[in-house]
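Structure, as structure tokens:
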Amino acid sequence: MVIRIQKPPAHINHFLHHPFTTISTPPPQDPTTLATQILNSTSKTLPQILESQSPSIQWTPQLVNKTLKTLWNHGPKALQFFTNLLRHPHFTPHASSFDHAIDIASRLRDYKTTWSLVSRMRSLRLGPTPKTFAIITERYAASGKPDRAIRVFLNMHEQGCRQDLNSFNSLLDVLCKEKRVEKAYGLFKMLRGRFKPDVVSYNIIASGWCLIKRTNKALEVLKEMVERGISPNLRTYNIMLNGYVRAGQIKEAWEFFMEMKKRKCEIDVVTYTTIVHGFGVMGEIKRARKVFDEMIKEGVLPSVATYNAMIQVLCKKDSVENAILVFEEMVRKGYVPNSITYNLVIRGLCHEGEMERAMDFVERMKSDNCEPNVQTYNVVIRYFCDSGEIEKGLDVFEKMDREGCLPNLDTYNVLINAMFVRKKSDDLLVAGRMLIEMVDRGFMPRKFTFNRVLNGLLLTGNQEFAKEILRLQSRCGRLPRKLKL
DNA sequence: GTAGGGTTAG
């Protein structure tokens with residue numbers, strides 16, 4: 001049974017802390033330890049594990065959410081954990097935990113679970129909230145079902161959640177981020193009478209056009225906005241600026257930036273970061289550095305993101321050594337590098353073949369209380385494998401497991417591909433086991449990957465294992481049409 | 001999680 005311990009009133013507190021009172025304080029509730037226990041459990045032992053925690057553990061939303069996040073790359077286990085918790089009569093779920101679980105279920109394309117969580121949420125009067133719908137529509141749009149996303153939005157009021165301008169903007173954003181700006185703009189025009197678009201709506205559509213490098217369309221939309229009496233804001237300008245940079249129109253970007261200055265537009269750290277990044281990707285390191293130095297004189301302090309932009313472009317167009325100088329400079333100035341910063345430097349070092357120094361940075365990351373994430377490990381695994389050091393790649397794979405970092409689809413793809421280079425039959429067995437593991441964790445291998453592993457196993461005389469993989473493939477619906485029963 | 005800047009592979 002799960003007991004929620006509530007903070008006692010102050011007068012009771014006195015008795016609780018009396019030396020003769022035997023009520024113990026709850027143990028430290030560490031989501032990582034909990035997640036590890038859950039990962040090592042089976043569907044049978046999981047309820048017992050949760051049960052054994054129950055006398056002391058407080059299932060706060062933070063603990064539940066953090067645990068779900070840690071289990072992100074093992075969706076089925078994450079959902080098992082959450083649905084088991086829901087069975088406990090004394091567990092009081094929070095709307096945000098439902099949203100996390102719904103996010104995980106819809107990422108697995110398990111829409112049955114998704115919607116049953118929604119109705120559970122509803123029966124507990126916790127939602128669904130507009131955020132819940134943003135999650136679900138994003139998942140539909142991301143898996144090639146933008147029309148389904150739109151339908152979900154149009155029907156959300158039936159789930160007790162009224163559409164408003166905010167939720168409309170969310171939907172437009174989701175469609176634009178999935179590069180369905182054409183569709184988003186059509187919907188925008190169709191429903192603008194009903195939702196009265198604002199500057200946010202227009203900014204979303206404009207950045208959608210910019211994302212697919214159609215800066216002229218973005219300008220057109222913004223012109224229409226002004227004609228309708230809505231003024232652009234700083235974000236609007238930053239969106240256009242970034243659009244030019246993305247589209248490689250660096251001349252236009254610079255002119256736009258100059259125009260902003262001339263018109264005494266407020267210019268902020270985002271504007272500068274965009275320019276630094278823009279010059280950098282064009283290989284104009286000196287000009288990037290100049291803008292970087294200039295912004296401080298103009299009274300705009302760089303952010304960690306600005307440093308990240310600078311570090312990235314130095315790695316790509318200059319040298320890692322200079323990038324590391326900037327890294328040390330930011331640390332000296334009291335900035336705290338984040339995981340993106342570390343990953344950039346690590347990637348830069350890997351790219352130069354400096355694998356040992358890259359691994360040193362992974363350690364430094366840890367000692368700086370910035371846990372290496374799945375992207376960090378993916379980078380070093382990829383570079384080890386690409387340089388033929390398969391064994392070291394596998395070592396890092398084991399290391400991340402020990403550190404409690406779950407691999408994602410990229411990790412498996414990189415490693416499975418690497419299992420073919422040495423032409424060793426043992427490697428194919430490893431590939432087969434990885435294939436089984438990734439499916440177990442909710443990742444869908446491509447048909448190509450299945451076939452490659454299958455052929456490899458057959459050619460190395462592992463007929464029995466090949467059959468097992470074939471059965472797995474058919475369960476995944478990844479069989480060639482002819483073989484499907 | 002209503003909008004803008006840093007991680008990704010050719």
Side-chain angles (χ1 to χ4, degrees), chain A residues 95-96 99-100 102-103 127-139 163-174 176-177 184 195 197-208 210-211 218 222 225 230 232-243 245-246 253 266-278 280-281 291-292 295 300 302-316 323 326-327 330 335 337-348 350-351 372-379 382-383 385-386 408-411 413-414 417:
Chain A
S96 61
D99 284 344
H100 279 292
I102 286 166
D103 203 355
T129 66
K131 189 177 162 185
T132 318
F133 282 98
I135 291 164
I136 298 171
T137 51
E138 182 193 336
R139 286 294 101 209
Q163 295 99 333
D164 57 7
L165 180 56
N166 293 346
S167 52
F168 182 56
N169 285 344
S170 276
L171 176 70
L172 294 177
D173 193 41
V174 156
C176 286
K177 294 271 152 64
F195 291 111
D198 58 359
V199 61
V200 177
S201 327
Y202 279 100
N203 282 350
I204 290 167
I205 299 290
S207 67
C210 286
L211 196 62
L222 294 176
M225 172 178 87
I230 300 172
N233 57 20
L234 180 55
R235 289 192 181 200
T236 316
Y237 295 125
N238 286 339
I239 287 165
M240 268 327 295
L241 194 59
N242 192 239
V245 168
R246 263 177 198 283
E266 184 201 347
I267 288 172
D268 69 358
V269 58
V270 177
T271 322
Y272 281 110
T273 306
T274 307
I275 290 288
V276 167
H277 188 242
V281 295
V291 175
F292 187 79
M295 62 187 287
V300 183
S303 64
V304 173
T306 320
Y307 274 101
N308 289 348
M310 198 66 219
I311 288 170
Q312 186 203 136
V313 300
L314 287 173
C315 285
K316 279 197 174 151
V326 172
F327 179 90
M330 75 182 278
Y335 286 90
N338 58 24
S339 53
I340 295 175
T341 324
Y342 279 104
N343 289 349
L344 285 166
V345 173
I346 291 166
R347 179 173 299 112
C350 288
H351 199 75
N373 55 28
V374 63
Q375 282 93 340
T376 317
Y377 290 114
N378 285 353
V379 168
R382 166 171 277 125
Y383 278 93
C385 289
D386 283 355
N408 67 11
L409 185 61
D410 286 340
T411 325
N413 280 335
V414 168
N417 280 328

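All values below were derived from every heavy atom in this structure, side-chain atoms included, with hydrogens, water molecules and symmetry-related copies excluded. What you see is a predicted model, and the numbers here were worked out from it, not measured in a lab. Each chain gets a letter, A, B and so on, in the order the sequences are listed, and its residues count up from 1.
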Name the nucleic acid region contacted by T306(A), choosing base, sugar-phosphate or nothing; use a 4.0 angstrom heavy-atom cut-off, strictly under.
base

Checking dG6(B), dA9(B), dG1(B) against the side chain of D410(A) (C-beta onward), the nearest is dA9(B)

F195(A) CZ to dA3(B) C1', in whole Å, measures 17 Å

Residue set satisfying salt bridge (charged side-chain N to carboxylate O under 4.0 Å, His left out) with D173(A), at least two apart, ordered chain then number -> K177(A)

Closest of dG5(B), dA3(B), dT8(B) to the L344(A) side chain is dT8(B)

Using the side-chain hydrogen bond (donor to acceptor under 3.5 Å, both in side chains) rule, take S96(A) and D99(A) through it: C-alpha gap first, then chi angles, then the decisive distance, then the call.
CA-CA 5 Å; S96(A) 61; D99(A) 284 344; over 6 Å; no

Tell me whether the rings of H351(A) and Y383(A) are parallel (<30°), tilted (30 to 60°) or perpendicular (>60°). perpendicular

Think H277(A) has a side-chain N or O under 4.0 angstrom from the OP1 or OP2 of dG5(B)? no

- Query: Is the distance from OP1 or OP2 of dT8(B) to the nearest side-chain N or O of R347(A) less than 4.0 Å?
  - Reply: yes

N233(A) near the nucleic acid: base, sugar-phosphate alone, or nothing, with a heavy-atom cut-off under 4.0 Å?
-> base

Item to complete: Name the nucleic acid region contacted by N242(A), choosing base, sugar-phosphate or nothing; use a 4.0 angstrom heavy-atom cut-off, strictly under.
Response: sugar-phosphate

Atom CG of N413(A) and atom P of dG10(B) are separated, to the nearest Å, by 16 Å

Rounded to whole Å, the CG-P distance (N408(A) to dT8(B)) equals 15 Å

Sorted by chain and residue number, the salt bridge (charged side-chain N to carboxylate O under 4.0 Å, His left out) partners of K316(A) (sequence neighbours excluded) come out as none

How is N373(A) classified with respect to the nucleic acid when contacts are heavy atoms under 4.0 Å: base, sugar-phosphate, or nothing?
nothing

Here the distance between atom C1' of dG6(B) and atom OH of Y335(A), to the nearest Å, is 14 Å

Taken to the nearest whole Å, CD1/I135(A) to P/dT2(B) is 10 Å

Ranking dT7(B), dA9(B), dG5(B) by distance to the side chain of R382(A), first place goes to dA9(B)

To the nearest angstrom, the OH-C1' distance between Y383(A) and dT7(B) comes to 12 Å

Residues in residues 163-174 of chain A with a heavy atom under 4.0 Å of DNA chain B, by number, are N166(A), N169(A), S170(A), D173(A)

Whole-Å distance, I340(A) CD1 to dT7(B) C1', equals 6 Å

### Query
At under 4.0 Å between heavy atoms, what does V269(A) touch on the DNA or RNA strands: base, sugar-phosphate, or nothing?
base

Return yes if the base of dG5(B) and the side-chain atoms of T274(A) contain a donor-acceptor N/O pair under 3.5 Å, otherwise no.
no

### Query
Considering only the P atoms, how many Å lie between dG5(B) and dG1(B), rounded to the nearest integer?
14 Å

Hits for side chain to side chain contact (heavy atoms under 4.5 Å, CB included) against N413(A), two or more places apart or cross-chain, chain-then-number order -> L409(A), M438(A), T449(A)

Item to complete: Would you please indicate yes or no on a ring centroid separation below 6.0 angstrom for F292(A) and Y307(A)?
Response: yes

Regarding dG5(B), purine or pyrimidine glycosidic angle vs 90° from 0 gives anti

Taking donor-acceptor contacts at under 3.5 Å, does the side chain of S303(A) reach the base of dG5(B)?
yes

Those residues at least two apart in sequence (or on a different chain) that pass side chain to side chain donor-acceptor pair (under 3.5 Å) with T306(A) are T273(A), S303(A)

Considering only heavy side-chain atoms of A134(A), the closest of dT8(B), dA3(B), dG1(B) is dG1(B)

note: Y377(A), atom OH; dT8(B), atom P; distance rounded to Å ~ 19 Å

Taken in chain and number order and not counting sequence neighbours, the residues that satisfy side chain to side chain contact (heavy atoms under 4.5 Å, CB included) with T271(A) are L234(A), N238(A), L241(A), F257(A), M260(A), I267(A), D268(A)

